Participant: 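First, the structure itself, so that you have it in front of you.
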Amino acid sequence: MPANLYRRGGTWYARVQISGTDLRRSLRTRDRSEALSRLRAFVAAAARERFTGEPQRRWKDAAHRYTTEILPASVAPTTATRYMCSVRQVDHILRDTFVDAIGRREIARIAHRAGVSNATRRRDLTAVSRVLTACVAWGWRDDNPARAYDRSLIRERRAALVLPSEADIGAVVALAPGNLARLIRFAQYTGMRQEEVASLERGQLRDDALDVWRAKSGRPRVVPLDERAAGTIAGTAQALHSQFVFHHAGGRYRNVASRFRALVRRAGATAKREKRPFKPFRFHDLRHWYAVDYLRRGGNIYDLAAILGHSSVKTTEIYLAHLDASEQRRAKHSPAQNPAQL
């Protein structure tokens with residue numbers, strides 16, 4: 001397979017002859033040593049295509065196929081959005097790399113690049129691993145180096161658990177418009193995630209519980225409604241031709257996170273002006289508030305794990321640290337109510 005290197009207008013080009021046919025390609029570099037490296041890759045790809053009948057695939061081809069064919073049907077929409085973000089984050093590292101040339105060195109570059117948190121590195125590795133798993137299934141490579149990477153080297157530090165006070169939550173709610181205020185209170189009284197509450201539909205409601213269809217884990221679950229949560233729904237007017245519980249102009253609430261952050265900033269500024277305490281918190285901290293409140297009111301830790309959708313009760317046990325000794329014993333040993341049967 002004769003191959004040579006030539007330059008045109010300062011840019012290096014490769015020419016490979018296969019069965020008497022010339023293949024030419026710009027190597028997109030003015031550096032000769034880099035051009036030689038790319039020439040070798042071009043020759044290897046041409047050889048593969050000659051002997052297997054299939055072209056050598058690049059990362060950008062794999063990422064496009066995975067995100068269009070597999071991703072939409074395999075995970076929840078919010079997880080899909082996160083994976084799409086990760087694929088974009090690693091594009092500058094892997095874009096033109098041949099899929100079967102991705103090895104430990106490329107994975108290490110993703111895992112240890114500067115300027116991003118360990119949590120982001122871990123999420124990006126997960127997305128890359130999913131794409132490479134698909135590549136193995138498609139016959140584009142034989143193994144998955146991202147799965148073999150030891151992630152204990154990039155441990156994720158959990159953010160400190162924040163339990164907002166009732167006064168601070170009330171200060172934020174007081175500044176929110178009607179249905180957004182009710183949406184915030186409902187999250188506080190159910191422990192549901194922001195996306196779950198914002199997309200809540202009337203068809204999910206029962207008499208004293210609701211069904212979560214689009215859970216982060218992908219597994220549906222049941223959330224009980226106490227008198228506070230039920231009262232929040234009862235006080236929310238239903239919009240004509242809208243299936244959403246907490247509607248905005250007939251549709252679902254959008255940009256809840258940014259709206260909520262703006263409310264928290266306003267509440268903090270007001271508190272500072274009035275010289276009273278206020279501790280900023282995130283929307284997700286309402287979930288923590290619910291979990292501790294549920295246990296303090298006599299709930300069982302195993303029931304709470306099912307309500308929150310945790311795959312392991314070990315995750316739920318972080319809330320025990322916010323209880324006194326008697327509350328901890330009750331949370332661990334009181335009879336389970338099995339919320340899935342509500």
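All residue numbers refer to positions in the sequence shown, counting from 1. Nothing here was measured: the structure is a model prediction, and the numbers come from that model.
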Participant: Using 30° and 60° as the class limits, which term best fits the ring planes of H310 and Y319: parallel, tilted or perpendicular?
Facilitator: parallel
Participant: Run the ring pair (Phe, Tyr, Trp, His ring centres under 6.0 Å) test on F281 and F260 for me, step by step, so that the C-alpha distance in whole Å, both residues' side-chain angles and the decisive distance to 0.1 Å come before the verdict.
Facilitator: CA-CA 10 Å; F281 61 97; F260 185 81; 5.6 Å; yes
Participant: Given 3.5 Å as the limit, does a donor-acceptor pair link the side chain of T79 with the main chain of V75, or not?
Facilitator: no
Participant: Would V222 and I307 satisfy side chain to side chain contact (heavy atoms under 4.5 Å, CB included), going step by step from the backbone distance to the final call?
Facilitator: CA-CA 6 Å; V222 176; I307 293 168; over 6 Å; no
Participant: When you compare the side chains of T236 and N179, does any donor N or O come within less than 3.5 Å of an acceptor on the partner?
Facilitator: no
Participant: Could you tell me whether a side-chain N or O of R141 sits under 3.5 Å from a main-chain N or O of I102, the two making a donor and an acceptor?
Facilitator: yes
Participant: Which heavy atom in L304 sits nearest to a heavy atom in A291, and how many Å separate them?
Facilitator: CD2-O, 3.7 Å
Participant: Using a cut-off of 6.0 Å, state whether more than 12 heavy atoms not belonging to H64 lie near its atom NE2.
Facilitator: no
Participant: CG of D150: more than 12 outside heavy atoms within 6.0 angstrom?
Facilitator: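 Correct, the count exceeds 12.
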Participant: Answer yes if Y13 and L36 sit in the same cluster of Ile, Leu, Val, Met, Phe, Trp and Tyr residues linked by side chain heavy atoms under 4.5 Å apart, and no otherwise.
Facilitator: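 No, Y13 and L36 fall in different hydrophobic clusters.
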Participant: Tell me whether S129 contacts the main-chain N or O of L125 through its side chain, where contact means a donor paired with an acceptor under 3.5 Å.
Facilitator: no
Participant: Would a distance-only check, ignoring hydrogens and angles, find a side-chain to backbone donor-acceptor pair under 3.5 Å from N300 to S334?
Facilitator: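 Here the side-chain-to-backbone pair exists.
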Participant: Taking NZ, NE, NH1 and NH2 as the nitrogens, is one of them in K60 or D91 under 4.0 Å from a carboxylate oxygen of the other?
Facilitator: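 Judged by the 4.0 Å cut-off on N to carboxylate O distance, K60 and D91 do not form a salt bridge.
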Participant: Any Lys/Arg nitrogen of R65 or D61 sitting under 4.0 Å from an Asp/Glu carboxylate oxygen of the other?
Facilitator: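 Looking at D61 together with R65, the answer is no, because their closest N to O distance does not fall below 4.0 Å.
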Participant: Under a 4.5 Å cut-off applied to non-hydrogen side-chain atoms, are R104 and R109 in contact?
Facilitator: no
Participant: Would you give the length of the straight line joining atom CG of D168 to atom CG of L163, rounded to the nearest 0.5 angstrom?
Facilitator: 11.5 Å
Participant: More than 12 foreign heavy atoms under 6.0 Å from CZ of R276: is that the case here?
Facilitator: yes
Participant: Using 0.5 Å steps for rounding, measure from the CD1 atom of I70 to the OH atom of Y83.
Facilitator: 12.0 Å
Participant: Do T126 and R151 come within less than 4.5 Å of each other through their side chains, counting heavy atoms only?
Facilitator: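 Answer yes - side chains close enough.
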Participant: About how many Å separate NE2 of H248 and CG of L180, when rounded to the nearest 0.5 Å?
Facilitator: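 Reported value, rounded in 0.5 Å steps: 9.0 Å.
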Participant: For a quick test of reading the model, state the closest non-hydrogen atom pair linking I110 to R121 and the distance between them.
Facilitator: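 Heavy atoms of I110 and R121 come nearest at O-CG, 4.1 Å.
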Participant: State, with a plain yes or no, whether a side-chain heavy atom of L5 is found less than 4.5 Å away from one of L27.
Facilitator: yes
Participant: Measure the spacing between CG of L295 and CD1 of I301 and express it to the nearest 0.5 Å.
Facilitator: 5.0 Å
Participant: Determine the minimum heavy-atom distance between L39 and N4, stating which atoms define it.
Facilitator: CD1-O, 3.9 Å
Participant: Does the side chain of F186 come within less than 4.5 Å of L200's, by heavy atoms?
Facilitator: yes
Participant: Within 45° of the six-membered ring axis of W59 and under 6.0 Å from that ring's centre, is NZ or CZ of R95 located there?
Facilitator: no
Participant: Would you please name every residue forming a side-chain contact (heavy atoms from CB on, under 4.5 Å) with D324, sequence neighbours left out?
Facilitator: S326, E327
Participant: Hey, does D208 have a side-chain heavy atom less than 4.5 Å from the side chain of P224?
Facilitator: no
Participant: Can you confirm whether the side chains of N255 and S258 place a donor and an acceptor under 3.5 Å from each other?
Facilitator: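 Note: N255 and S258 side chains miss the donor-acceptor criterion.
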Participant: In sequence, state the C-alpha distance, the side-chain angles, and the governing distance for I233 and R182, and then conclude on side chain to side chain contact (heavy atoms under 4.5 Å, CB included).
Facilitator: CA-CA 8 Å; I233 290 180; R182 296 184 186 93; over 6 Å; no
Participant: Could you tell me which residues satisfy ring-ring contact (aromatic ring centres under 6.0 Å, His included) with H284, sequence neighbours excluded, listed by chain and number?
Facilitator: H288
Participant: Shortest non-hydrogen contact from S86 to A127?
Facilitator: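 Result for this residue pair: CB-CB, 3.5 Å.
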Participant: Under 6.0 Å between the ring centres of Y189 and Y294?
Facilitator: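 No, ring centres 6.0 Å or more apart.
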Participant: CG/D31 to OG1/T11 distance, rounded to the nearest 0.5 angstrom?
Facilitator: 11.5 Å
Participant: When hydrophobic residues are tied together by side-chain contacts of less than 4.5 Å, even through go-betweens, does L153 share a cluster with V90?
Facilitator: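 Yes, it is one cluster - the side chains of L153 and V90 are joined through contacts under 4.5 Å.
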Participant: So, does S74 use its side chain to make a donor-acceptor pair with the main chain of L71 at under 3.5 Å?
Facilitator: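 The answer is yes, because a donor-acceptor pair under 3.5 Å joins these two groups.
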Participant: Are R113 and D124 ion-paired here, with the side-chain N under 4.0 Å from a carboxylate O?
Facilitator: yes
Participant: Which heavy atom of R25 sits nearest to which heavy atom of R58, and what is that distance?
Facilitator: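 Shortest heavy-atom separation between R25 and R58 comes out as NH1-NH2, 3.3 Å.
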Participant: Establish, yes or no, whether the cationic atom of R202 lies under 6.0 Å from the six-membered ring centre of F244 and within 45° of the ring axis.
Facilitator: no
Participant: Is there a donor-acceptor pair closer than 3.5 Å between any side-chain N or O of Q243 and the backbone N or O of E201?
Facilitator: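 Not a single qualifying donor-acceptor pair exists.
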Participant: For F246 together with Y253, are the ring centres under 6.0 Å from each other?
Facilitator: no
Participant: Is the terminal nitrogen or CZ of R30 (NZ for Lys, CZ for Arg) located under 6.0 angstrom from the six-membered ring centre of W12 and within 45° of that ring's axis?
Facilitator: no
Participant: Would a 4.5 Å heavy-atom cut-off, applied to side chains only, mark R252 and R254 as touching?
Facilitator: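 Result yes, sub-4.5 Å side-chain heavy-atom pair found.
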Participant: For E196 and R193, indicate whether the former's side chain and the latter's backbone hold a donor-acceptor pair under 3.5 Å.
Facilitator: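 Checking the backbone N and O of R193 against the side chain of E196, a donor-acceptor pair under 3.5 Å is found.
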Participant: Quiz question: by atom type and distance under 3.5 Å, do the side chains of T315 and S312 form a donor-acceptor pair?
Facilitator: no
Participant: Does any non-hydrogen side-chain atom of R228 lie less than 4.5 Å from one of Q188?
Facilitator: no
Participant: Specify the closest pair of heavy atoms between P72 and T67, including all atoms of both residues, with the distance to one decimal.
Facilitator: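 Distance-wise, the nearest heavy atoms are CD-O, 3.3 Å.
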Participant: Evaluate the side-chain proximity of L183 to F283: yes if any heavy-atom separation is below 4.5 Å, no if none is.
Facilitator: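 In contact.
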Participant: Quick check against the 3.5 Å criterion: does Q204 have a side-chain atom that pairs as donor or acceptor with the backbone of L210?
Facilitator: no
Participant: State plainly whether the residues D285 and R287 are in salt-bridge range, i.e. N to O under 4.0 Å.
Facilitator: no
